[in-house]
Amino acid sequence: MRLNKQNKMNKRRLEKLQTPAAKKDVKGARKHKTSFRDRLAGYRSHHQQVAVDSLKRLVIRPATSLMTILVIAIALALPAGLYIGLNNIDAVSDGWEGAARISLFLKPNVSAPQAETLRRNIAERDGVLVAEYISPDTALMEFRASSGFGDVLDQLDANPLPGLIVVTPREANVSASAVTALQAELGKLPQVELAKLDMEWLQRLNRITELGRRLTLALAAMLGVGVLLIIGNTIKLAIEGRRDEILVVKLVGGTNAFVRRPFLYTGLWYGLGGGLMAWLLVQGGLWWLRGPIADLSLSYQSGFHLLGLGFLETIVLLLFAAALGLLGAWLVVGRELRAIEPR
């Protein structure tokens, strides 16, 4: 009797569930999903938590973390220092680039009036800004004052220095090809013994600077690979130290992406810390050299000031260091995590 009554009650409940309203409620419940905004908020929250936790793990081991960061900083500071040195050489040579001059050494039989006439004719040429005549006596006086060999010069029977005309091209004609062509043209004048281009040594300096720039890039590439190896080895040791924790997380359903995230942030913090330390090393070196370089600049009556890393260059250094740290960790973590699987 009781069984029949219970069966009738179950049948009525089943009929209620099969009504359109009940079916609509059940269908609506099955289609309910987490919104994209909630998933994004959870994803961001987890990243923040993992980033802070990774940083705390580095802070609680200051000695080990600091040694790794210092090695990375030294590897980054070397190419950064060379880059700053090349920039300062460029800054000094920029002021000389526009001061290309052609020195015309006159023949000994050219008199002062002839030299003055030649100077006026050269000054009237197209592409010439200034032509200045320096007599042999004036050249000897300047050499005596600057060389310190006055006593030796007094013992000479005659003035060995020739007359000189210094030609300064116009700014529109200071390219290497234009100045070289003007030098060749002036060197063919009958009164000229030798035409010397004062920019030749600057061109050699520019070639040396370009060579130094390429060597700096090569050094930066090699040291960048070294940073990747340092961070990769550090992350590998961290993974080995947390092997049991990784196994537990994977046993409860944690994916490789979930497990990988803390180690990627660890590599990021190592790289960023190395970049900051490299910046401090470079700035400290510049501060140490600024005084002697200022004294040297004053001795040459120059207002040159030592250049350092600008704001944009500092940001590039930090981003480059952080990217190296992240890449070094990513290259190691994927391979190591695939080898750690629960059995």
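Quick note: numbers below take in every heavy atom, side chains included, and nothing from hydrogens, waters or symmetry partners. Remember, it's a predicted structure, so these values are computed and weren't measured experimentally.
Proximity of Leu182 to Val128: side-chain heavy atoms (C-beta onward) are separated by under 4.5 Å at one or more points. No side-chain heavy atom of Phe320 sits less than 4.5 Å from a side-chain heavy atom of Val227. When side chains are defined from C-beta on, Asn87 counts as touching Arg213, because their heavy atoms get closer than 4.5 Å. The side-chain heavy atoms of Leu189 and Ile122, taken from C-beta on, include a pair separated by under 4.5 Å. Side-chain contact between Leu268 and Leu264 is absent, with no heavy atoms from C-beta onward closer than 4.5 Å. Looking at heavy atoms from C-beta onward, Ile72 lies in side-chain contact with Ile231 at the 4.5 angstrom threshold. Using a 4.5 Å cut-off on side-chain heavy atoms (C-beta onward), Val167 and Arg125 make no contact.
With respect to Ile230, the side-chain contact (heavy atoms from CB on, under 4.5 Å) criterion is satisfied by exactly one of Val71, Val225, Leu324: Val71.
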Test side chain to side chain contact (heavy atoms under 4.5 Å, CB included) applied to Met277 and Leu66, step by step = CA-CA 10 Å; Met277 187 65 69; Leu66 185 60; 4.2 Å; yes
Take Phe263 and Val332 through the test side chain to side chain contact (heavy atoms under 4.5 Å, CB included) and record every step on the way to the result.
-> CA-CA 10 Å; Phe263 299 104; Val332 172; over 6 Å; no
Quick one: do Tyr270 and Leu58 satisfy side chain to side chain contact (heavy atoms under 4.5 Å, CB included)? Show the steps, please.
-> CA-CA 9 Å; Tyr270 272 126; Leu58 298 183; 3.4 Å; yes
Using the side chain to side chain contact (heavy atoms under 4.5 Å, CB included) rule, take Lys56 and Val59 through it: C-alpha gap first, then chi angles, then the decisive distance, then the call.
-> CA-CA 5 Å; Lys56 287 180 179 179; Val59 172; 5.5 Å; no
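In the hydrophobic cluster analysis, where Ile, Leu, Val, Met, Phe, Trp and Tyr join through side-chain heavy atoms closer than 4.5 angstrom, Leu272 is grouped apart from Ile74. Both Leu326 and Leu55 sit in one connected hydrophobic cluster of ILVMFWY residues. Membership requires side-chain heavy atoms under 4.5 Å apart, directly or through other members.
Note: Lys196 NZ to Leu164 CG = 13.0 Å, rounded to the nearest 0.5 Å. Distance CG/Leu118 to CG/Leu106: 6.5 Å, rounded to 0.5 Å. Distance check: Leu76 CG to Leu281 CG gives 10.0 Å after rounding to the nearest 0.5 Å.
Contact between Pro262 and Val50 at its shortest, heavy atoms only, is CA-CG1, 3.4 Å. Residues Ala195 and Gly187 approach most closely at CB-CA, 3.8 Å, considering heavy atoms. Among all heavy-atom pairs drawn from Ile84 and Leu307, the shortest one is CG2-O, 3.2 Å. Minimum heavy-atom separation, Ile235 to Ala329: CG1-CB, 3.9 Å.
Summarising the local packing, NZ of Lys236 is surrounded by 12 or fewer heavy atoms from other residues, nucleotides or ligands at distances under 6.0 Å.
A donor-acceptor distance shorter than 3.5 angstrom exists from the side chain of Trp269 to the backbone of Ala51, with no hydrogens or angles considered. Between the side chain of Ser65 and the main chain of Arg61, a donor-acceptor pair closer than 3.5 Å is present. Between the side chain of Thr266 and the main chain of Ser54, no donor-acceptor pair closer than 3.5 Å is present.
In this structure Glu240 satisfies the salt bridge (charged side-chain N to carboxylate O under 4.0 Å, His left out) test together with Arg243, sequence neighbours excluded.
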